[in-house]
Amino acid sequence: MAIELPADLLQSLQGIRGFNQPAFEQVHASGGQITSIRVNPARQSATAGEWQPGGFDPAALTPVPWSRYGFYLPERPSFTFDPLFHAGTYYVQEASSMFLEQALLQTTDTSKKLRVLDLCAAPGGKSTHLQSLLSPDSLLVSNEVIRTRAAILEENLVKWGAANVIVTNNDPQDFARIPGFFDVLVIDAPCSGSGLFRREPEAIREWSPQAVQLCCQRQQRILAESFTALADEGLLIYSTCSYSVEEDEDILDWLMDTFQLETVPLQTEPDWGIVPVQSALHQAAGYRFFPDKIKGEGFFLACFRKKEGDRYASRSPKKAPLVKAGKAEAAVVQPWLRQAGDWQFWKQQELILAFPTNLEQELLTIADKFYIRSAGITLGKIAGKDLVPEHALALSGLLAPEIVAVSLKKAEALQYLRKEPLELAATTKGWALVQYAGFSLGWVKLLPNRVNNYYPSAWRILKSGNN
Ligand code: SAM
């Protein structure tokens, strides 16, 4: 499909540092597609011996220069039919976005306990990345305002398998309830999306100068409503996938006019092809990604250090918003979990969840003020003296090594992921993990004459074929 870029967009980009119209148009016309993945470092230990990032042949991968976990693939495989994709060994993510890693690591001591809010988080690219970069005793609150998108965010975070994450479904303005709570605030703002035109040419039809105006008003609103939640000296990371100055440099100037904050420049290597820019009024530092200069799509990112306000003064909620599981319930779940690890068990309706003990205060604060979709690892439901395990438990790093696991071949793994009946020659009975290439896919129940498939219905593969 020939891509015709909006004349108004091209006109508006004249004079922007790094904008080279012929090269920009040519790269869009070429229709070239770039595929990149980011591996889940928490999953790599499952492979015995050789390290295979995300299960891929290392010889086929080219590193993304600005991310230790990012790799380009030589071509786009069918991710749907790769069981390891469903096992959360990697996330398919556009390479430019992975620059978030530089923004965080160059500005923040990530060995410390941090509270991080990813405000516009669905489908979860930045959240899964942040989780891999933070220390295990840090908290990531991953928020998405649109309910259906929050469900996808939750799914991707369950696949990622980390315990130190809370998924919320709140409006940005709700975060004013906890002033100064977060050390890092990531706002990957909804935008006019011009940076993705090469990948999604259909989006061109929705682009207009009016849409850019509406987006920049919305960006200001989102920033104004949530900025309170950032602590003094906290880091704001703002990004868009738009080329428009109104949504990028102009927003930086608006921030500097509106709040007390300092621009935070980042180091980039010249051969990365990233273009450092400055806002017109306050010379705030930003970073532009043009697809004719880098191997990735259009992207913009800037960092600020907040210079106002206080830190949140923690106080226990008057009425506990979550209840701890009792001794009897803990005794039911304990045999499923590995010994090492400092968890507390909490009840969320009839479900039991595990959450890091050192984050109790944070969990109670968030549960008191926000709508939580999931917190930590949902272990399952207690039924009498037994646990009915949840899918999240299968994909977590919490499981005891003694849990029975059945290894599947690729065709069987796809049958499982379609939630089709399975025939397994297993000698034991009861709950078992099913695995592919050493990575867990979910639960089955082995019965005397059949196997019950417990893959979540809503996530099953619907597409036919197998490649
Ligand atoms: N950070 C995500 C990632 O890396 O996968 C992508 C985020 S996307 C660029 C912007 C998100 O903002 C979308 O999920 C969208 O639903 C959400 N959004 C839309 N309107 C919003 C609003 N008014 N306030 C906050 N978020 C909004």
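Below, each value reflects all heavy atoms present in this structure, side chains not excepted, and no hydrogens, waters or symmetry copies. Atoms within a ligand are numbered from 1 in the order they appear, just like the ligands themselves.
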Exercise. Verify ring-ring contact (aromatic ring centres under 6.0 Å, His included) between Trp459 and His391, making sure each step is shown before the conclusion.
Key: CA-CA 11 Å; Trp459 299 4; His391 190 67; 5.2 Å; yes

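- Taking the centre and axis of the six-membered ring of Phe439, the NZ or CZ atom of Arg43 falls outside the cone set by 45° and 6.0 Å.
- Remark: the Asp248 side chain and the Thr240 side chain contain an N/O donor-acceptor pair separated by less than 3.5 Å.
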Quiz item: Would Glu247 and Arg218 count as a salt bridge (Lys or Arg N to Asp or Glu O under 4.0 Å) if you check the C-alpha gap in whole Å, the side-chain angles of each, and the deciding distance to 0.1 Å?
Solution: CA-CA 10 Å; Glu247 300 177 77; Arg218 184 166 55 176; over 6 Å; no

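- Using modelled atom types and a 3.5 Å distance limit, the side chains of Arg373 and Thr168 yield no donor-acceptor pair.
- Donor-acceptor pairing under 3.5 Å is lacking for the side chains of Gln102 and Thr268.
- The contact shell of ligand 1, taken as protein residues with any non-hydrogen atom closer than 4.0 angstrom, comprises Cys120, Ala121, Ala122, Pro123, Gly124, Gly125, Lys126, Glu144, Val145, Ile146, Arg149, Pro172, Asp188, Ala189, Pro190, Arg218, Ile222.
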